[in-house]
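Input: a single structure, listed below in structure tokens.
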Number of protein chains: 2
Amino acid sequence: MIKKQLIMEKALELFAIQGIEATPIQQITDYCGISKGAFYLAFKSKDELIIALIDHFMIQIISDIDYTVKNTQNKQELLFSFFQTTFQSFHTHANFAKIFMKEQSHSFNKELINKMRHYDRLMDEIILSLIEQIYGDRVIDTKYDLIYTIKGLMNSYSAFFILNKGPIDIDLLSQSLAEKTNLIATNTTTPFISKEMMEIFKLSNNDENSKEQISEILLQKIEELDESTEKESLILLNQHVLETSLHPAIVQGLLKNIQNHPHCKGIAYILSNYFMQDGGINVSSCFS
Amino acid sequence: MIKKQLIMEKALELFAIQGIEATPIQQITDYCGISKGAFYLAFKSKDELIIALIDHFMIQIISDIDYTVKNTQNKQELLFSFFQTTFQSFHTHANFAKIFMKEQSHSFNKELINKMRHYDRLMDEIILSLIEQIYGDRVIDTKYDLIYTIKGLMNSYSAFFILNKGPIDIDLLSQSLAEKTNLIATNTTTPFISKEMMEIFKLSNNDENSKEQISEILLQKIEELDESTEKESLILLNQHVLETSLHPAIVQGLLKNIQNHPHCKGIAYILSNYFMQDGGINVSSCFS
DNA sequence: TATAATAATGACCAATGAGTCATTTGTCAA
DNA sequence: TTGACAAATGACTCATTGGTCATTATTATA
């Protein structure tokens with residue numbers, strides 16, 4: 001529908017200048033030269049418009065980057081190409097980038113936050129695949145940490161890139177970041193973020209951790225472990241997660257079994273939180 | 001005044017959970033157990049409260065970090081200490097950090113945005129001093145670029161650190177980031193952000209560029225240059241900036257003189273923008 | 001041209017929340 | 001006890017803005 005497109009384009013302009021919250025529907029429709037009612041013929045609500053914008057642009061940006069990562073043959077160039085595509089895409093969609101550079105999550109509704117999280121994870125996956133393609137086994141212990149390094153660099157330089165009004169040399173920027181990334185990828189000895197930490201982080205950001213998610217991580221961990229008390233404990237705990245069957249005291253004991261094993265600390269943390277359910281400290285419960 | 005403190009503490013809690021915009025004054029006063037009027041006895045407005053919060057915490061955080069940078073004798077350890085202090089400070093003021101992790105500038109008023117910019121610049125200066133202390137002349141060409149690298153890492157890992165609910169090993173994190181920073185500081189061959197770009201960026205973010213600011217940068221540049229047409233042109237332009245005296249055509253000519261000199265491109269850009277005043281494209285002028 | 005169907009309008013409604021101020025409550029010196 | 005002053009209250013105002021819907025304009029069809 002052409003009307004939707006018009007609204008999206010004009011709204012994007014206004015959002016980029018004033019921010020989303022500071023732009024009333026009335027102003028958007030005035031700027032479009034249509035009535036307020038017409039807006040609600042195209043979108044059910046303001047939120048729906050915002051979501052449409054996010055989807056529209058994120059899909060484009062992400063697929064641009066994904067295509068590059070999947071189709072660059074020369075692995076020497078891949079890092080450079082990745083950054084180049086990324087910044088080119090940001091440049092093409094500068095208004096959108098500008099909005100979501102500053103307007104992070106914050107007081108949006110749940111659906112919006114989930115949308116952003118969804119695309120953030122997609123980005124993580126693409127970056128991970130990039131790293132694995134280029135460095136393979138050499139970064140087994142550092143690859144999850146590397147994701148955050150790359151995202152940090154991207155963010156910092158994107159902000160500069162997007163908010164800067166002067167001319168920018170994308171190729172130089174990409175080359176510079178490729179060099180930095182490569183330096184860190186090939187020389188890091190003490191990574192900070194492990195696979196486990198990343199999982200804990202992802203889970204703890206989910207308001208609701210489903211049985212299935214927890215179980216999936218448990219099964220993965222079970223596979224990694226050799227036969228041992230820890231492995232047995234995990235298997236039992238997994239059964240308990242899927243279908244509550246054990247006495248709480250037994251669960252506590254099983255948790256104790258695993259929480260000192262160096263590779264199980266994260267899982268132990270996730271599980272103890274999960275079983276605690278609402279018994280733990282819940283900061284938001286202080287306010288009706 | 002004790003009432004102010006109470007309000008600030010309680011407001012911070014609510015802001016951290018719900019966001020600033022989503023927290024009405026009424027809720028703050030309810031939570032404090034005082035009346036709405038009492039709030040306005042302590043603060044002139046909601047914005048004044050927010051500014052008070054920013055000042056209170058930023059001054060603490062910044063001075064913590066600044067103290068470390070100024071007083072760590074062992075330059076080998078300085079990088080580690082810097083990150084350690086930073087994250088420790090974030091940890092101490094976790095609620096504040098949480099708010100300003102997500103709630104960046106956006107639809108705040110000008111005073112707020114300037115506040116944040118002010119502290120951002122202070123941070124830049126501290127980081128620059130840190131870099132200079134440790135690496136001295138070895139990073140002459142890369143130090144401004146390094147600032148953005150460090151800020152990028154700080155940001156990315158801070159977000160992880162602040163939003164993550166699991167236990168975090170600050171020392172490991174600091175060590176990891178110190179290693180990364182060191183790797184980049186000692187091996188970067190192609191920096192992206194030059195001193196000049198940084199200046200352009202800073203200026204272009206100022207809505208109003210004062211004569212004095214422009215002149216200061218000009219004088220600095222003039223000092224760096226050897227005797228040449230470029231230098232003479234800059235001297236004349238500087239006089240013109242301080243007190244309009246030249247014909248526009250002459251100014252244009254002087255600008256042409258410098259804009260091809262590799263070290264003057266940035267200055268040329270700043271100046272041409274400055275002289276253009278409101279004649280340029282001003283995106284916000286489209287809307288009444 | 002008449003009629004039905006669809007699109008578009010903008011006055012209106014309801015909710016929100018920042019900030020005000022007439023009134024009440026509390027304190028303390030005379 | 002009284003009266004003067006300060007502190008605190010919360011009902012109220014007022015501007016804003018998301019969303020609705022009866023009405024009007026436009027187009028397609030017979």
Side-chain angles (χ1 to χ4, degrees), chain A residues 1-55 99 103 105-113 115 284 287-288, chain B residues 1-54 99 102-103 105-113 115 284 287-288:
Chain A
M1 183 185 258
I2 203 72
K3 186 65 66 60
K4 269 194 173 185
Q5 223 170 316
L6 173 72
I7 293 172
M8 282 170 73
E9 273 169 30
K10 299 296 185 186
L12 192 73
E13 283 184 47
L14 295 174
F15 287 169
I17 298 165
Q18 311 173 329
I20 295 176
E21 303 249 341
T23 306
I25 303 289
Q26 187 68 57
Q27 199 184 358
I28 297 171
T29 53
D30 286 352
Y31 188 40
C32 287
I34 61 170
S35 69
K36 208 171 165 191
F39 173 90
Y40 285 94
L41 253 39
F43 296 98
K44 270 207 265 305
S45 65
K46 193 180 183 183
D47 276 348
E48 204 185 83
L49 164 66
I50 298 167
I51 287 174
L53 281 171
I54 294 178
D55 276 333
I99 295 169
E103 202 114 11
S105 67
H106 114 99
S107 68
F108 291 154
N109 71 41
K110 259 198 186 128
E111 195 180 352
L112 280 248
I113 292 173
K115 262 273 135 63
S284 67
F287 325 108
S288 61
Chain B
M1 185 187 257
I2 203 73
K3 187 66 66 58
K4 269 195 173 183
Q5 221 169 317
L6 173 72
I7 294 172
M8 282 170 73
E9 274 170 30
K10 299 297 186 187
L12 191 74
E13 284 182 46
L14 295 174
F15 287 169
I17 298 165
Q18 310 172 330
I20 295 177
E21 304 250 339
T23 306
I25 303 290
Q26 187 69 59
Q27 198 183 1
I28 297 172
T29 54
D30 286 353
Y31 188 39
C32 287
I34 61 169
S35 69
K36 210 170 164 191
F39 174 91
Y40 284 95
L41 253 39
F43 294 98
K44 271 209 264 304
S45 65
K46 192 181 184 182
D47 275 349
E48 205 185 81
L49 164 66
I50 299 167
I51 287 174
L53 282 171
I54 293 177
I99 294 168
K102 292 279 118 195
E103 202 113 13
S105 66
H106 117 95
S107 68
F108 291 154
N109 72 41
K110 251 188 194 141
E111 196 181 351
L112 280 248
I113 292 172
K115 262 274 135 62
S284 66
F287 325 106
S288 61

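Only a predicted model underlies this, so the values are computations on that prediction, with no experimental measurement involved. In what follows, chains carry the letters A, B, and so on, assigned in the order in which the sequence lines appear, proteins first and then strands, with residues in each chain numbered from 1.
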What is the distance, rounded to the nearest whole Å, between atom CD1 of A:Ile7 and atom C1' of D:dG19?
14 Å
To the nearest angstrom, the CD-C1' distance between B:Glu21 and C:dA18 comes to 12 Å
Considering only nitrogen or oxygen atoms on both sides, find all protein atoms under 3.5 Å from nucleotides 6-10 of chain D and state each distance.
from	atom 1	to	atom 2	distance (Å)
D:dA8	OP1	B:Lys3	NZ	3.2
D:dT9	OP2	B:Ser35	N	2.9
D:dT9	OP2	B:Ser35	OG	2.8
D:dT9	O5'	B:Ser35	OG	3.1
D:dG10	N7	B:Gly37	N	3.4

Taken to the nearest whole Å, CZ/B:Phe39 to C1'/C:dC21 is 17 Å
Spacing between A:Ile20 atom CD1 and D:dT17 atom P, to the nearest angstrom
15 Å
To the nearest 0.5 Å, what is the distance between OG1 (B:Thr29) and NZ (B:Lys10)?
13.0 Å
Could you state the interatomic distance from CZ (A:Phe43) to CD1 (A:Ile51), rounded to the nearest 0.5 Å?
11.0 Å
Atom CZ of A:Phe43 to atom P of D:dG18: distance rounded to whole Å?
15 Å
Residue that, paired with A:Ile99, satisfies side chain to side chain contact (heavy atoms under 4.5 Å, CB included) out of A:Ile50, A:Ile20, A:Ile17:
A:Ile20
Interatomic distance where OH belongs to B:Tyr40 and P belongs to D:dT13 [whole Å]:
17 Å
So CG of A:Leu53 and CD of A:Glu9: to nearest 0.5 Å the spacing works out to 10.5 Å
With B:Thr23 as partner, the option from B:Gln18, B:Lys46, B:Glu13 fulfilling side chain to side chain donor-acceptor pair (under 3.5 Å) is B:Gln18
Determine the minimum heavy-atom distance between A:Pro24 and A:Ala22, stating which atoms define it.
CD-O, 3.4 Å
Taking atom P of C:dT20 as reference, at what distance in whole Å does atom CD of B:Gln26 sit?
15 Å
Rounded to the nearest 0.5 Å, how far does CD of B:Gln26 lie from OH of B:Tyr31?
16.0 Å
Separation of A:Phe39 CZ from A:Asp30 CG (nearest 0.5 Å):
12.5 Å
How close or far is atom C1' of C:dA7 from atom NZ of A:Lys4, stated in whole angstroms?
16 Å
CD1 of B:Ile7 to CG of B:Leu12, rounded to nearest 0.5 Å, is 13.5 Å
For the side chain of B:Lys46, starting at C-beta, report the closest nucleotide among D:dG19, C:dA18, D:dG18.
C:dA18
Expected string for nucleotides 23-28 of chain C under the B/S/- scheme (protein heavy atoms, under 4.0 Å, primed atoms plus P, OP1, OP2 as sugar-phosphate) is ------
